[in-house]
Structure formats: C-alpha cells, structure tokens
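Bear in mind that the values here come from a model prediction, so they are computed numbers and not experimental data.
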Amino acid sequence: MDTYYSLCYLAALAMLIAYVNSRIGSVQSTITITAASIVLSLLLILLGETKLFQAFPRLIESISAINFQNLLLHGMLGFLLFAGGLGINLKHLAAQRTEIAVLALFSTLISSFLVASLLWWILPWVGLPLDFIYCLLFGALISPTDPIAVLAIVKKMQAPQQISIQVEGESLFNDGFGLVMFVSVFGIAFTHQELSGPAIAWLFLHEAGGGIVYGLLLGLAANYLIKHTDDDSLELLVSLSIPTAGFVFAEHLGVSGALAMVVAGIYIGNITREKYFTQASKQSFDHLWHVLEEFLNNLLFLLIGLVLVGFVFHIEDVWLMLLAIPLVLLSRLISVGLPFLGFSLVKSYNPMSVAILTWGGLRGGLALAMAMSVPAGVMILPEKNIDVREIILVMTYAVVVFSILVQGSSIVPLINRAKNLELSRAQSNKEN
C-alpha cells in the first residue's frame, strides 16, 4: 500500500507542475516535469548528504519501493502505446510502410552495432574497458527510439505529415525488434546461452510477428463487441480492456505486448472508431484516451527524473555520460542517413527529414527500464565497486535526460524549417 500512496502523491505533484507550467511557461509539460523532478532529486541528494533532512532515508525508501521497470513495462506501457496507436492515420502509415520498416529494422540494427563498436574502442582510453557483449547490450537498448517520448513531445509540434509519420511510425514499431535484440544479447551476456541465427530469427518471429497477429485479433474482437452495442459507456470499457487484460494475456502467450497494443490501437482508431462510433461517442472516446495519456505521461516523466535519487555515482561516471551522448547521436545520424541515400533515389523527401529523425529520435523510460533490468555484481573496477550495471545505467540515463531536455526542447526550429521548406515547395509546384 505504501507504493500506491507514493504513486498518488507523485501523480499529484506531476499534475501541479503541469498546471504551473501551463500558467506561466511555454515549454512542453513533459519536458518541464522531467527538469523539475531532476532538480528535486538533486536537492534531495544534497540535503541527504548534509544530514539536514532527517526524513531523507524514509523518502528514498518510499521512492525506491516503486519498481520503475515493472510499473512501466507491465503497466503503463500498454495504455500509452494503445493511445499512441489510436492517433496514427492508417493511410499515411501505409504510404510510408517501406521507410518505416527499414528505419525500424535496419537502422536499429546498424545503430546498435555502431554504438557498441565505438564504445568498445573508446572506453579503454578512459580506464573502463568493457567487453564487446556488454557494449552491444547498451547499443541494443539505446538504439530504438522511445514511442512514449516521441509521441509526448515531437508529435505535438506538428511536423510536416511525411516526416511526422516516419518519426511516429518508426518509434511505435522498432520496439519489437529492439526488444528481441536486447533479450538475445542479454541471454548471451548473463546466462551464457549460445543463441544461433535460427534461434534469434525464431525469437523475433514469435515475439514481433506474434505480437502483430495477436494485436490484429485483439482489434477484431473489440471491433465485434463495439459493433454490437449502442452503449457509449460499454464501448469505452471495451477499449480499456485492450491495454489491461489484452496486454497481460500477450505476456502469457510470450508475444510482444507492445506491438500488439500498437496494432490494436491503429485498428480501433482507424476502423472501429470511424464505422461504429456516433459523433458523441467519438468525442467521449477521444477525451478519455487523451486524459489517460496525459496523466500517465506526466507521471512517467516525473518518475524518470526521480530515478536519479537511487543511483550510486563515481567520478568515472562523468566520462561515461560525456561519451554516451555524442556516440548515440552519431550512430543515429549514420543509421538514418544511409537508408535515406537509397530512398532519395526513387522518391522526393523534405531536406530536413534526416535531421529531424536524428534529433527527434528521443529515448525515454523504455530504455531506462531495460537498463535497470541489468543484474548487478559483474565488476569492471572491483576496487571502486563499479560494475556493468552502473556503467550501462549511467550512460542510459545521460542519453535519456539529454534527449528529453535538450533534443526535445530544441527540435522546434528544425520542424519550423521543415514546414517552411514544405510550404515553399507547395507554392513552387502551384506556380508551375
């Protein structure tokens, strides 16, 4: 019950920050909430170090009792991805299916190995040699863009349609591939399993392919129930059963619940909502899922900042933070830029596409949750008690915070530039 109480207080705090930001600020609320929670975390740590805050140990214990990994991966994720899927236009998605598929699969794979290779080469120079398998583990968890962060920040800035669907579609679908990579590398690194190519291919087919098929079946089942009722409240309850019971059952089946929620959300949002909802029920439906999405996003981004309170830092971690951010951005630029060299041979794109996909490829709570699942105790510097978990967690946190606070708040000029170029091109075509 203490965990529930803590979440209630934290949710109220997130809402308070969002309210104050709406009255006096112009920054995205999720960015403001993350920044405020990081400042609060640093203040709590400082008070704890000076021994002036007697309630510090109890407060830390309350925050640490919240299992961030389980709360996100087995609770909030289903709601947020289903809500994200509801907002995707199926026709626009189908028009960019090749680009999204290549970005979600090829770009994630290339980025993972680039991050791992660069990290493995550079870390010995700062006195923290890390086996390649652990470098690849970090590459696998940090390379997929986070759909929650992307949808919460970038989507609301209304980039040109072509770029917007690329950013949103990639972030929603690369989770399945990224998770299979992470699970495969995790098994090799910590359980010493020898996973063959066919075994990894089957794991991907079962997780990702199974998740897509299951999500479609889930959407069809919900569609049938909604089609045969005229009760607005019952329609909403059916939709709520998808990210609850539907998500839990996906885990029992061993398929990707994340992909299932995305597919089910796209189906319900594009087919069921348009065919079988009245105008009044559409408004109720949209309002419900907008409020749920806002509430969970605000709570999630507050928790991302507060996770800092439970970290143990060493001076060496500064080098890790400074290295991780440019390495991840460089790998992202290369992994996105290469496919677009091929795409541009057969199709015209906004000149800002690669820049926005690179800078707007945000990382968030999903990467952090995967990093927190890394077991402690595999020592790199035993004399300083620095292990693999600390190295991966510190680098992940640095990239996540940088992407939310810096990339998220500075992407507006890039999007505005893309809009201007799109407008100029439209005017030029009209004149011709």
Could you walk me through whether Val183 and Glu207 pass the side chain to side chain contact (heavy atoms under 4.5 Å, CB included) test, one step at a time?
CA-CA 11 Å; Val183 170; Glu207 281 265 354; 5.6 Å; no
Within this structure, what is the [atom1]-[atom2] distance for the pair [X] and [Y], rounded to the nearest 0.5 Å?
{"X": "Ile304", "Y": "Ser41", "atom1": "CD1", "atom2": "OG", "answer": "11.5 Å"}
{"X": "Leu137", "Y": "Phe132", "atom1": "CG", "atom2": "CZ", "answer": "11.5 Å"}
{"X": "Cys135", "Y": "Trp121", "atom1": "SG", "atom2": "CH2", "answer": "13.5 Å"}
{"X": "Leu306", "Y": "Phe301", "atom1": "CG", "atom2": "CZ", "answer": "13.5 Å"}
{"X": "Ser37", "Y": "Leu42", "atom1": "OG", "atom2": "CG", "answer": "9.5 Å"}
{"X": "Asn270", "Y": "Leu86", "atom1": "CG", "atom2": "CG", "answer": "9.0 Å"}

So do the side chains of [X] and [Y] get within less than 4.5 Å of each other, counting heavy atoms only?
{"X": "Arg389", "Y": "Pro375", "answer": "no"}
{"X": "Leu240", "Y": "Trp289", "answer": "yes"}
{"X": "Phe340", "Y": "Leu345", "answer": "no"}
{"X": "Phe402", "Y": "Leu329", "answer": "yes"}
{"X": "Leu300", "Y": "Phe68", "answer": "yes"}
{"X": "Phe138", "Y": "Leu130", "answer": "no"}
{"X": "Trp319", "Y": "Ile122", "answer": "no"}
{"X": "Ile325", "Y": "Met321", "answer": "no"}

Okay, side chain of [X], backbone of [Y]: is any donor-acceptor separation there less than 3.5 Å?
{"X": "Asn298", "Y": "Ala11", "result": "no"}
{"X": "Asn350", "Y": "Met352", "result": "yes"}
{"X": "His92", "Y": "Gln161", "result": "no"}
{"X": "Asn67", "Y": "Asn70", "result": "yes"}
{"X": "Ser348", "Y": "Ser344", "result": "no"}
{"X": "Asn420", "Y": "Asn416", "result": "yes"}
{"X": "Ser171", "Y": "Glu168", "result": "yes"}
{"X": "Ser117", "Y": "Leu114", "result": "no"}
{"X": "Asp146", "Y": "Leu366", "result": "yes"}
{"X": "Tyr397", "Y": "Ile392", "result": "no"}

Considering non-hydrogen atoms only, spot the tightest contact between [X] and [Y] and give its length.
{"X": "Ser373", "Y": "Gln69", "value": "CB-NE2, 3.3 Å"}
{"X": "Ile31", "Y": "Ile404", "value": "CG1-O, 3.7 Å"}
{"X": "Ala14", "Y": "Ile33", "value": "O-CD1, 3.7 Å"}
{"X": "Thr108", "Y": "Pro144", "value": "CG2-CG, 3.9 Å"}
{"X": "Phe173", "Y": "Ile266", "value": "CZ-CD1, 4.0 Å"}
{"X": "Ile268", "Y": "Gly219", "value": "CD1-O, 3.8 Å"}

Using a 6.0 Å cut-off, check whether atom [atom1] of [X] has over 12 heavy atoms from anything other than its own residue.
{"X": "Leu341", "atom1": "CG", "value": "yes"}
{"X": "Tyr9", "atom1": "OH", "value": "no"}
{"X": "Tyr349", "atom1": "OH", "value": "yes"}
{"X": "Arg417", "atom1": "CZ", "value": "no"}

May I have the step-by-step check of side chain to side chain contact (heavy atoms under 4.5 Å, CB included) for Val328 and Ser331, ending in yes or no?
CA-CA 5 Å; Val328 170; Ser331 299; 5.8 Å; no
Residues 355-364 side chain polar contacts: donor-acceptor under 3.5 Å, at least two apart:
| unit_1 | atom_1 | unit_2 | atom_2 | d |
| --- | --- | --- | --- | --- |
| Thr358 | OG1 | Val354 | O | 2.8 |
| Trp359 | NE1 | Ser410 | OG | 2.9 |
| Arg363 | NE | Ile142 | O | 2.6 |
| Arg363 | NH1 | Gly361 | O | 2.7 |
| Arg363 | NH2 | Ile142 | O | 3.3 |
| Arg363 | NH2 | Ser143 | O | 3.2 |

Are side-chain N/O atoms of Gln166 and Gln96 paired as donor and acceptor at under 3.5 Å?
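The criterion, which ignores hydrogens and geometry beyond distance, is satisfied for Gln96 and Gln166.
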Checking side chain to side chain contact (heavy atoms under 4.5 Å, CB included) for the pair Leu118/Leu323: CA distance, chi angles, key distance, verdict?
CA-CA 10 Å; Leu118 291 170; Leu323 281 171; over 6 Å; no
For residues 406-425, pull every pair meeting ring-ring contact (aromatic ring centres under 6.0 Å, His included), keeping only residues two or more places apart or in separate chains.
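Passing the test, one end in residues 406-425: no pairs.
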What's the verdict on side-chain hydrogen bond (donor to acceptor under 3.5 Å, both in side chains) for Thr32 and Gln28, showing C-alpha distance, side-chain angles and the deciding distance?
CA-CA 6 Å; Thr32 303; Gln28 266 280 353; over 6 Å; no
Before giving the answer on side chain to side chain contact (heavy atoms under 4.5 Å, CB included), spell out for Leu44 and Leu40 the whole-Å C-alpha distance, their side-chain angles and the decisive distance to 0.1 Å.
CA-CA 6 Å; Leu44 289 173; Leu40 178 60; 4.2 Å; yes
Applying the side-chain contact (heavy atoms from CB on, under 4.5 Å) criterion to Leu393, which one of Leu368, Asp317, Val374 satisfies it?
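That would be Leu368.
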Under 4.0 Å between a Lys/Arg side-chain N and an Asp/Glu carboxylate O for Arg97 and Glu170?
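Looking at Arg97 and Glu170, the cut-off is not met.
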Mind checking whether Tyr134 and Phe190 have ring centres under 6.0 Å apart?
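Ring centroids of Tyr134 and Phe190 are less than 6.0 Å from each other.
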Classify the ring geometry of Phe249 against His252: parallel below 30°, tilted from 30° to 60°, perpendicular beyond 60°.
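Geometry flag for His252 against Phe249: tilted rings.
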side-chain hydrogen bond (donor to acceptor under 3.5 Å, both in side chains): pairs with one or both residues in residues 299-316, sequence neighbours excluded
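Non-adjacent pairs meeting side-chain hydrogen bond (donor to acceptor under 3.5 Å, both in side chains): His314-Glu390, Glu316-Lys384.
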